[in-house]
**Student:** 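Submitted below is the structure of interest, expressed as structure tokens.
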Amino acid sequence: MDNGEQLEKRKAFWWRGGLGLILLTLAALVMVPGLAQRRVNVLRAEIEAAQPARTLVLQLQFNLVREMASLSELLLNGDVAYRERYRRARQTEARIFAELRPKVHALGPGLVTALEEASRRTDLWHSHVADTLIQSGAFAIGAVSDEVRHPELFEAALDATAAVDSAIVQAVGRNQRQIQRVEFTGMAITVGLGFLALLAALAAAFLHRRVSLFAEESDRQRREAERALAETARATE
């Protein structure tokens with residue numbers, strides 16, 4: 001294999017390598033922003049789902065207060081209409097929990113735990129007031145007794161629902177910080193890849209120039225050798 005063929009192969013090798021690096025860099029420039037945006041979209045969807053969840057938590061807290069108010073009125077005057085209000089509020093509470101669960105699942109396991117604790121606390125309160133006294137009517141009318149209302153269990157249920165709301169706020173904050181990190185990282189990677197692509201293009205151009213100069217020098221030396229050989233041949237003749 002002569003020098004010309006070696007130069008051509010070397011030139012082709014460097015060109016293919018430089019072009020491959022440029023293509024890989026360009027592909028990464030296209031893919032990285034897309035992947036970052038996909039992650040940001042997921043996090044933003046979770047943030048958007050958080051506001052309806054917080055609204056449901058507020059409704060749940062209001063409903064618990066309405067249940068306690070109905071219970072207190074029932075104890076004061078024995079009006080069965082308040083018993084029916086209490087029962088309807090219990091049905092509303094069950095509906096709110098059913099709507100909350102899928103939304104909370106989308107926000108992370110920590111919120112699922114907080115919601116289940118709130119459900120357990122409210123069920124505990126109801127088990128002491130509804131299942132034992134309200135349904136049977138076994139209470140003294142005219143006295144709002146804490147033994148019937150169990151305010152400590154009621155407050156624990158309210159605190160548990162407040163903990164759910166706090167967990168939602170914390171999850172939103174985490175998602176917002178993650179969005180900032182993902183956007184910053186995507187920007188940094190994009191800038192880095194762009195710089196790398198520029199370096200690859202410059203390196204390919206430099207290598208091409210070097211190979212071309214080397215080929216020109218080799219060709220000049222070959223011509224000089226051919227002239228010297230011809231002069232030697234003439235001198236010999």
Side-chain angles (χ1 to χ4, degrees), residues 33-75 81-135 144 146 148-187:
L35 293 174
Q37 188 60 46
R38 183 180 301 177
R39 177 58 179 163
V40 167
N41 290 340
V42 171
L43 294 171
R44 284 179 177 165
E46 292 179 0
I47 291 176
E48 292 175 359
Q51 187 54 49
R54 291 196 69 190
T55 301
L56 287 171
V57 171
L58 291 176
Q59 292 177 1
L60 180 61
Q61 292 174 327
F62 173 76
N63 199 71
L64 284 171
V65 173
R66 187 172 61 177
E67 289 170 355
M68 175 59 88
S70 298
L71 174 60
S72 298
E73 290 294 333
L74 179 63
L75 291 171
Y82 290 106
R83 180 183 298 172
E84 185 59 29
R85 288 184 185 180
Y86 178 88
R87 290 174 177 172
R88 288 200 301 268
R90 284 282 283 131
Q91 294 173 352
T92 301
E93 177 188 302
R95 176 185 58 80
I96 293 173
F97 271 114
E99 292 180 12
L100 257 176
R101 284 189 173 90
K103 291 180 171 57
V104 163
H105 273 280
L107 294 172
L111 276 84
V112 174
T113 301
L115 182 62
E116 293 306 319
E117 177 64 13
S119 178
R120 188 185 71 81
R121 292 283 184 177
T122 54
D123 288 343
L124 182 62
W125 178 58
H126 290 305
S127 68
H128 282 74
V129 297
D131 297 342
T132 57
L133 297 175
I134 300 303
Q135 302 297 337
V144 183
D146 286 348
V148 177
R149 297 189 310 155
H150 296 279
E152 73 286 353
L153 298 178
F154 172 75
E155 291 174 4
L158 277 180
D159 290 342
T161 58
V164 175
D165 185 66
S166 178
I168 293 174
V169 173
Q170 292 176 6
V172 169
R174 286 194 302 270
N175 285 0
Q176 290 174 338
R177 291 190 293 272
Q178 288 184 32
I179 288 174
Q180 293 175 352
R181 287 195 295 268
V182 169
E183 289 178 339
F184 177 80
T185 302
M187 179 73 68

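Atom set for the values below is all heavy atoms of this structure, side chains included, hydrogens, waters and symmetry mates excluded.
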**Student:** Nearest 0.5 Å, please: how far is CZ in R87 from OG in S70?
**Tutor:**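 It comes to 12.0 Å.
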**Student:** At what distance, to the nearest 0.5 angstrom, does OG1 of T92 lie from CZ of R95?
**Tutor:**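 One gets 5.5 Å once the value is rounded to the nearest 0.5 Å.
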**Student:** If you define the side chain from C-beta out and look only at heavy atoms, does anything of F154 sit under 4.5 Å from L71?
**Tutor:**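 Contact flag for F154/L71 side chains = no.
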**Student:** Could you tell me the separation between the OG1 atom of T122 and the CG atom of L158, rounded to the nearest 0.5 Å?
**Tutor:**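 Taking OG1 in T122 and CG in L158, the distance rounds to 10.0 Å.
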**Student:** Which residues pass the side chain to side chain donor-acceptor pair (under 3.5 Å) test with E93, sequence neighbours left out?
**Tutor:**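 Here the qualifying residues are R90, H126.
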**Student:** Would you indicate whether the side-chain heavy atoms of R121 and L153 approach each other to under 4.5 Å?
**Tutor:**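 A side-chain contact under 4.5 Å is absent here.
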**Student:** Tabulate below the donor-acceptor pairs under 3.5 Å that side-chain atoms of residues 164-175 make, not counting sequence neighbours, or state none.
**Tutor:**
{"unit_1": "D165", "atom_1": "OD1", "unit_2": "R54", "atom_2": "NE", "d": "2.8"}
{"unit_1": "D165", "atom_1": "OD1", "unit_2": "R54", "atom_2": "NH2", "d": "3.4"}
{"unit_1": "D165", "atom_1": "OD2", "unit_2": "R54", "atom_2": "NH2", "d": "3.1"}
{"unit_1": "N175", "atom_1": "ND2", "unit_2": "E46", "atom_2": "OE1", "d": "2.9"}

**Student:** Roughly how far, to the nearest 0.5 Å, is OG1 of T161 from CZ of F97?
**Tutor:**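 The CZ atom of F97 sits 7.5 Å away from the OG1 atom of T161.
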**Student:** Could you tell me if the side chain of Q59 sits less than 4.5 Å from the side chain of L56, heavy atoms only?
**Tutor:**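 L56 vs Q59: side chains touch.
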**Student:** At what distance, to the nearest 0.5 angstrom, does CZ of R101 lie from CD1 of I96?
**Tutor:**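 CD1 of I96 is found 12.0 Å from CZ of R101.
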**Student:** With a 4.5 Å heavy-atom cut-off, do V65 and Q61 have their side chains touching?
**Tutor:**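 No, every pair of side-chain atoms sits at 4.5 Å or beyond.
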**Student:** Determine the minimum heavy-atom distance between W125 and E67, stating which atoms define it.
**Tutor:**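 Looking at all heavy atoms of both residues, the closest pair is CZ3-OE1, 3.4 Å.
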**Student:** Strictly distance-based, threshold 3.5 Å: is any side-chain N or O of S119 a donor or acceptor partner for the main-chain N or O of L115?
**Tutor:**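 Pair absent, no side-chain N/O of S119 close to backbone of L115.
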**Student:** Quick one: NZ on K103 to OG1 on T55, what's the gap to the nearest 0.5 Å?
**Tutor:**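 Rounded to the nearest 0.5 Å, the NZ-OG1 separation comes to 9.5 Å.
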**Student:** For a 4.5 angstrom cut-off between non-hydrogen side-chain atoms, does L64 reach M68?
**Tutor:**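 SC-SC contact between L64 and M68 ruled out.
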**Student:** Under the rule for side chain to side chain donor-acceptor pair (under 3.5 Å), what residues qualify as partners of Q180, not counting sequence neighbours?
**Tutor:**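 Side chain to side chain donor-acceptor pair (under 3.5 Å) list for Q180, sorted by chain: empty.
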